[in-house]
Amino acid sequence: MGSNVNGGLSPHHRHYHRHFNFCAGPAALPTPVLERARDEMLDYQGRGLSVMEMSHRSAAYMAIAEKAEADLRDLLAVPANYRVLFTQGGATQQFAAVPYNLLGPGGRANVINTGIWSKKAIAEARHLFGDVHVAASSEAGGHLAVPRPEEVVLSNDAAYLHFTANETIGGLAFDYIPGSEEGGPRRPDGSEAPLVCDMSSSILSGPLDVSQFGVIYAGAQKNIGPAGLVVVIVRDDLLDRARTDMPSLFGYQALADAGSMINTPATYSWYLAGLVFEWLKDEVGGLAAMETINARKAARLYGAIDASDFYSNPIAIPNRSRMNVPFVLNDSRLDKTFLAEAEAAGLLNLQGHRSVGGMRASLYNAVPEAAVEALVDFMADFENRRG
């Protein structure tokens with residue numbers, strides 16, 4: 001089924017037999033974006049070749065890249081003193097790139113542990129540079145609520161404070177920005193440490209004050225575009241803190257100086273990301289409108305879960321993710337039946353991550369409200385038949 005951002009069915013799309021895709025990533029892409037990419041696939045603007053066949057140095061491709069950056073800056077209101085980088089390696093590579101770029105001599109990584117992805121950031125920094133200070137952790141409580149602001153304590157040698165805004169697997173999201181009430185994270189001596197955020201699964205889901213962060217990074221395959229691209233937003237004054245033993249392709253300064261083209265970038269992913277940015281601006285109406293839609297989608301699904309004795313979600317209500325909604329059936333023996341029947345009904349990729357089990361519905365920007373309504377209706381029907 002094809003659908004627009006408001007969830008309405010479009011007859012023009014029906015013959016594609018597109019189902020509702022709740023995958024955590026690579027995730028759903030907006031149908032209008034896919035249609036435009038299809039139309040431009042063989043012959044981009046009369047040039048007789050595909051975007052994926054273009055030289056990244058050509059005037060035509062440079063125009064694509066520059067417009068994508070301009071649209072992203074516009075959507076997020078990125079201040080002029082920040083660089084926007086389009087790089088590769090996935091967000092996982094940033095677990096190494098961040099400490100390489102920001103530790104400098106004598107600094108120590110400080111990380112808030114809220115689940116699997118923040119643990120990976122801790123493990124990578126520890127593997128590369130030894131000591132890592134865990135500034136706060138939700139592990140003792142089973143990662144069901146994020147640490148409260150007063151629990152976040154930096155070390156005096158904190159080079160930065162890293163946190164994961166939204167834990168994709170656990171469905172745990174921050175309801176505040178660490179350190180924001182004081183104008184930035186503070187070391188015990190009162191000095192400020194840059195705030196670094198892995199925003200892979202929440203970026204572009206609503207408005208954002210970029211100025212509160214030193215570095216934001218995000219893998220593309222949730223709300224930006226297809227896999228193969230990473231967006232990094234970094235404040236200018238942090239570009240000169242890199243270690244001299246850093247791999248050259250990791251360097252934020254070098255990437256900024258080269259316009260993200262030290263080597264051949266992920267050109268087609270960059271192009272598709274640009275189409276997504278255009279869709280957000282022109283068809284959705286910007287990030288405030290997108291946030292309203294996302295809030296409705298999440299409220300509808302969580303409301304159905306909470307009203308049922310058959311389904312449940314354990315996350316503390318203030319920290320429930322709008323992007324990733326995990327839930328379990330009260331009888332796990334029905335899990336396989338639920339997934340099989342859901343897929344037969346055109347509701348795809350609802351299986352929870354292998355590390356936690358259960359179900360997970362990812363409600364990224366391109367997942368329409370009609371998908372959530374279809375899922376809620378299916379869940380009610382399944383409970384009536386199987387509960």
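Residue numbers run from 1 in the order of the sequence given.
Each ring-ring contact (aromatic ring centres under 6.0 Å, His included) pair with one or both residues in residues 288-309, not counting sequence neighbours, would appear here, but there are none. For residues 215-235, the set of pairs meeting the ring-ring contact (aromatic ring centres under 6.0 Å, His included) definition, not counting sequence neighbours, comprises His162-Tyr217. Evaluation of the ring-ring contact (aromatic ring centres under 6.0 Å, His included) test over residues 102-130, restricted to residues two or more places apart or in two chains, returns Tyr100-Phe129. Applying the ring-ring contact (aromatic ring centres under 6.0 Å, His included) test to every pair with at least one member in residues 347-377, sequence neighbours left out, gives no pairs at all.
Applying the ring-ring contact (aromatic ring centres under 6.0 Å, His included) criterion to Phe22, with sequence neighbours excluded, gives no partner residue. When the salt bridge (charged side-chain N to carboxylate O under 4.0 Å, His left out) test is applied to Glu139, the partners found at least two apart in sequence or on another chain are Lys119. Scanning for side chain to side chain contact (heavy atoms under 4.5 Å, CB included) contacts around Arg126 gives Ile122, Val132, Val134, with sequence neighbours left out. By the ring-ring contact (aromatic ring centres under 6.0 Å, His included) test, Tyr311 pairs with Phe327, sequence neighbours left out. Scanning for salt bridge (charged side-chain N to carboxylate O under 4.0 Å, His left out) contacts around Glu151 gives an empty result, with sequence neighbours left out. Every ring-ring contact (aromatic ring centres under 6.0 Å, His included) that Phe86 has, sequence neighbours left out, goes to Trp270. Asp131 is linked by a salt bridge (charged side-chain N to carboxylate O under 4.0 Å, His left out) to Arg108, counting only residues two or more places apart in sequence or in another chain. With sequence neighbours excluded, the residues that form a salt bridge (charged side-chain N to carboxylate O under 4.0 Å, His left out) with Glu278 are Arg36, Lys67.
Counting only N and O atoms by type, the side chains of Asn21 and Asn349 include a donor and acceptor under 3.5 Å apart. Under 3.5 Å, the side chains of Asn166 and Asn324 contain a donor-acceptor pair of N or O atoms.
With rounding to the nearest 0.5 Å, the separation of CG in Leu350 from CD in Glu341 is 12.5 Å. Put simply, CE on Met41 and CD on Glu53 are 9.5 Å apart, with the number rounded to the nearest 0.5 Å.
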Gln351/Asp335 under side chain to side chain contact (heavy atoms under 4.5 Å, CB included): CA gap, chis, key distance, verdict
CA-CA 9 Å; Gln351 185 169 1; Asp335 285 3; over 6 Å; no
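Taking all atoms of both residues into account, the shortest heavy-atom contact from Cys23 to Ala27 is O-CB, 3.6 Å. Across every non-hydrogen atom of Leu161 and Val111, the tightest pair is CD1-N, 4.3 Å. When all heavy atoms of Ala366 and Pro30 are compared, the pair lying nearest together is CB-N, 3.4 Å. Nearest heavy atom pair, residue Leu103 against residue Ala109, reads CD2-N, 3.4 Å. Residue Ala173 comes nearest to Ser321 through the heavy atom pair CB-CA, 3.9 Å, listed as atom of the first residue, atom of the second, then distance. Contact detail for Ala159 and Gly107: the closest heavy-atom pair is CB-CA, 4.1 Å.
Around atom CZ of Arg333, no more than 12 heavy atoms belonging to other residues, nucleotides or ligands sit under 6.0 Å away.
Checked against a 6.0 Å centroid threshold, the rings of Tyr61 and Tyr271 do not count as neighbours.
Contact annotation: the side chain of Leu29 approaches that of Val276 to within less than 4.5 Å [non-hydrogen atoms, C-beta and beyond]. Looking at heavy atoms from C-beta onward, Ser260 lies out of side-chain contact with Thr87 at the 4.5 angstrom threshold. Residues Asp198 and Ser118 have side chains not in contact (no heavy-atom distance under 4.5 Å, counting atoms from C-beta outward). With contacts defined as side-chain heavy-atom distances shorter than 4.5 Å, the pair Gln94/Val215 does not qualify. Residues Asn101 and Met246 are in side-chain contact: their nearest non-hydrogen atoms beyond the backbone lie under 4.5 Å apart. Residues Asn294 and Leu363 form no side-chain contact, since every pair of their non-hydrogen atoms from C-beta on lies 4.5 Å or further apart. Leu375 is not listed as a side-chain neighbour of Phe20, based on a closest heavy-atom distance of 4.5 Å or more. Two residues are said to be in side-chain contact when any heavy atoms from C-beta on lie closer than 4.5 Å; Leu301 and Met379 meet this criterion.
Taking a cutoff of 4.0 Å between a charged side-chain nitrogen and a carboxylate oxygen, Arg148 and Asp175 qualify as a salt bridge. At a threshold of 4.0 Å, the pair Glu69-Arg73 counts as salt-bridged, since one of the basic side-chain nitrogens sits closer than that to a carboxylate oxygen. A salt bridge does not link Arg187 with Asp189: every distance from a Lys NZ or Arg NE/NH1/NH2 to an Asp or Glu carboxylate oxygen is 4.0 Å or more.
The backbone N or O of Asp236 lies less than 3.5 Å from no partner atom in the side chain of Asn81, so there is not a single donor-acceptor pair. One N or O on the side chain of Arg57 and one on the backbone of Met261 form a donor-acceptor pair closer than 3.5 Å. No side-chain donor-acceptor contact under 3.5 Å links Asp74 to the backbone of Ala70.
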